[in-house]
Asks: 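Before anything else, here's the structure in question.
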Amino acid sequence: MVVYFMTGNKGKFEEVREILESVEQIDLDLPEIQELDSKKVIEHKLNEAIKNQEGEFFCEDTSIYIDALNGFPGPLIKWFMGALGNEGISNLMEKYEGQDATAKTVIGYTDGNGIKFFEGELRGKIVQPKGTGFGWDPIFQPEGYDVTFGEMDMEEKNKISMRKKALIKLRGYLEGSD
């Protein structure tokens, strides 16, 4: 059976295909609830997906949790970015003593019989924007690196990314669940 990755983001899909070669992209127009718990956002999307189409699905939420903001914005990063942008977030963080953050990917998978979650995370800090990339890549500098995700090429980023860590866990589950 085909496993569908629910996303409209071609860049995310390409990253996923590096780990899960047989996955197919499906872009379902589903509402995204606003919630601080990534698992609740994912669960809602997956439950809506199985109402609209049969199959095995997974979707993911990749968020940034800023220590000085008690983990905010988390899954609300899309709206936070829309309001402040990378430069605004970076400037805001300069007002705090610490710029430490955790980048986290939570993947939810369903075959219609419940939802399994897989997580990957990477510690780093918020810095002034450098480089390109999508979302907050230009302001997230992983621990142990002197460059941001926005300054890394896809191959370098994918070697350490939180998405890769979560995808490897999902792949292990799928390979063991024949």
Asks: Checking L76 against L36 for the side-chain contact (heavy atoms from CB on, under 4.5 Å) test, could you report, in this order, the C-alpha distance in whole Å, the side-chain angles of both residues, the deciding distance, and whether it holds?
Replies: CA-CA 7 Å; L76 301 177; L36 288 173; 3.6 Å; yes
Asks: Is K157 close enough and on-axis enough to F134, meaning under 6.0 Å and within 45°, for cation-pi?
Replies: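 Because its charged atom sits under 6.0 Å from the ring centre and within 45° of the axis, K157 does stack over F134.
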Asks: In the structure I gave you, are the side-chain heavy atoms of L167 and E15 within less than 4.5 Å of one another anywhere?
Replies: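 In short, these two side chains do not touch, never coming nearer than 4.5 Å.
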Asks: Do F140 and V127 sit in the same hydrophobic cluster, where Ile, Leu, Val, Met, Phe, Trp and Tyr count as joined when their side-chain heavy atoms come under 4.5 Å apart?
Replies: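 In one cluster: no.
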Asks: May I ask whether M162 and I139 are part of the same hydrophobic cluster, defined by side-chain heavy atoms of I, L, V, M, F, W, Y residues being less than 4.5 angstrom apart, directly or through others?
Replies: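 Same cluster.
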Asks: Start with the C-alpha distance between F149 and I160, add both sets of side-chain angles, then the distance that settles side-chain contact (heavy atoms from CB on, under 4.5 Å), and finish with yes or no.
Replies: CA-CA 10 Å; F149 271 169; I160 64 167; 4.0 Å; yes
Asks: May I have the step-by-step check of side-chain contact (heavy atoms from CB on, under 4.5 Å) for R17 and V23, ending in yes or no?
Replies: CA-CA 7 Å; R17 286 294 293 264; V23 70; 3.5 Å; yes
Asks: Going only through I, L, V, M, F, W and Y residues with side-chain contacts under 4.5 Å, is there a path from M154 to L20?
Replies: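 Different clusters: M154 never reaches L20 through Ile, Leu, Val, Met, Phe, Trp or Tyr contacts under 4.5 Å.
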Asks: Which pair of heavy atoms, one from Y65 and one from G71, lies closest together, and at what distance?
Replies: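 What the structure gives for the nearest pair is CD2-O, 3.2 Å.
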Asks: CG/L122 to OH/Y145 distance, rounded to the nearest 0.5 angstrom?
Replies: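 Reported to 0.5 Å precision, the distance equals 8.0 Å.
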Asks: Do you know the tightest heavy-atom contact between P75 and S38?
Replies: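 Between these two residues, the closest heavy atoms are CG-OG, 3.2 Å.
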Asks: Set out, in order, the CA-CA distance, both residues' side-chain angles and the distance that settles side-chain contact (heavy atoms from CB on, under 4.5 Å) for T7 and V16, then state yes or no.
Replies: CA-CA 11 Å; T7 185; V16 167; over 6 Å; no
Asks: Show the nearest heavy-atom pair for residues F13 and E24, with the distance to one decimal.
Replies: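 Answer, listing the atom of F13 first, then E24: CE1-C, 3.8 Å.
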Asks: Return the minimal non-hydrogen interatomic distance between I66 and P73, and the atom names on each side.
Replies: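 In terms of heavy atoms, the two residues are closest at CD1-CD, 3.9 Å.
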Asks: Is it the case that atom CD in E87 sees more than 12 heavy atoms from other parts of the structure closer than 6.0 Å?
Replies: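 Open.
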Asks: Answer whether the closest heavy-atom distance between the side chains of F80 and L69 falls below 4.5 Å.
Replies: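 Of all side-chain heavy-atom pairs linking L69 with F80, at least one is under 4.5 Å.
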Asks: Is the closest side-chain donor-acceptor distance between Q141 and Q99 under 3.5 Å?
Replies: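 No - no donor-acceptor pair under 3.5 Å links their side chains.
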Asks: Rounded to the nearest 0.5 Å, how far does SG of C59 lie from CD1 of I26?
Replies: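 The CD1 atom of I26 sits 11.5 Å away from the SG atom of C59.
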Asks: Atom CD of residue position E97 - does it have more than 12 heavy atoms of other residues, nucleotides or ligands inside 6.0 Å?
Replies: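 Not buried by this count: 12 neighbours or fewer within 6.0 Å.
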Asks: Give me the atom names and distance for the closest heavy-atom approach of T132 to P138.
Replies: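 Minimum heavy-atom contact is O-CG, 3.6 Å.
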Asks: Just so I know, are the side chains of W136 and I126 near enough to count as touching, which here means a heavy-atom distance under 4.5 Å?
Replies: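 Result no, sub-4.5 Å side-chain heavy-atom pair not found.
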Asks: Show every salt bridge (Lys or Arg N to Asp or Glu O under 4.0 Å) that has at least one partner inside residues 65-86, sequence neighbours left out.
Replies: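 Of all non-adjacent pairs touching residues 65-86, those that pass salt bridge (Lys or Arg N to Asp or Glu O under 4.0 Å) are D67-R123.
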Asks: Can you tell me how far the OG1 atom of T110 sits from the CZ atom of F117, to the nearest 0.5 Å?
Replies: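 Taking OG1 in T110 and CZ in F117, the distance rounds to 9.5 Å.
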Asks: What distance separates I168 CD1 from I19 CD1, expressed to the nearest 0.5 Å?
Replies: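 That separation rounds to 5.0 Å.
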Asks: Run the salt bridge (charged side-chain N to carboxylate O under 4.0 Å, His left out) check on E119 and K169 step by step: do they pass?
Replies: CA-CA 8 Å; E119 298 181 18; K169 291 174 184 176; over 6 Å; no
Asks: Does NZ belonging to K116 count more than 12 external heavy atoms closer than 6.0 Å?
Replies: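 12 or below, so no.
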Asks: Please report the closest heavy-atom contact between A166 and G120, naming both atoms and the distance.
Replies: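 The pair with the smallest heavy-atom distance is CB-N, 3.6 Å.
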Asks: I need the T62 OG1 to N9 CG distance, nearest 0.5 Å.
Replies: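 Separation between the atoms: 9.5 Å.
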Asks: If only atom types and distance count, is the side chain of T148 paired as donor or acceptor with the main-chain N or O of K130 below 3.5 Å?
Replies: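 Yes; judged by distance alone, with no hydrogens or angles, the pair exists.
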Asks: Should I77 and I42 be counted in the same cluster of Ile, Leu, Val, Met, Phe, Trp and Tyr side chains packed under 4.5 Å apart?
Replies: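 No, it is not one cluster - the side chains of I77 and I42 are not joined through contacts under 4.5 Å.
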Asks: Counting only heavy atoms not in K165 (residues, nucleotides, ligands), do more than 12 fall under 6.0 Å from its NZ?
Replies: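 Count over threshold, so yes.
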Asks: Taking salt bridge (Lys or Arg N to Asp or Glu O under 4.0 Å) as the cut-off, I'd like each qualifying pair that reaches into residues 42-52, sequence neighbours left out, listed once.
Replies: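 Sorted pair list: E32-K45, E48-K51.
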Asks: Under a 4.0 Å N-O cut-off, is there an ion pair linking R163 with E18?
Replies: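 No.
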Asks: If the plane angle is over 60° it's perpendicular, under 30° parallel, otherwise tilted; pick one for F5 and F58.
Replies: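 Ring orientation, 0 to 90° scale: parallel.
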Asks: Determine, stepwise, if the pair Q128 / N86 fulfils side chain to side chain donor-acceptor pair (under 3.5 Å).
Replies: CA-CA 8 Å; Q128 281 297 312; N86 281 321; over 6 Å; no
Asks: To the nearest 0.5 Å, tell me how far H44 NE2 sits from N47 CG.
Replies: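 Separation between the atoms: 8.0 Å.
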Asks: Check which hydrophobic residues are tied to I33 through side-chain heavy-atom contacts below 4.5 Å, counting indirect links as well, and list them.
Replies: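 Members other than I33 - counting any ILVMFWY side chain reachable under 4.5 Å - are V41.
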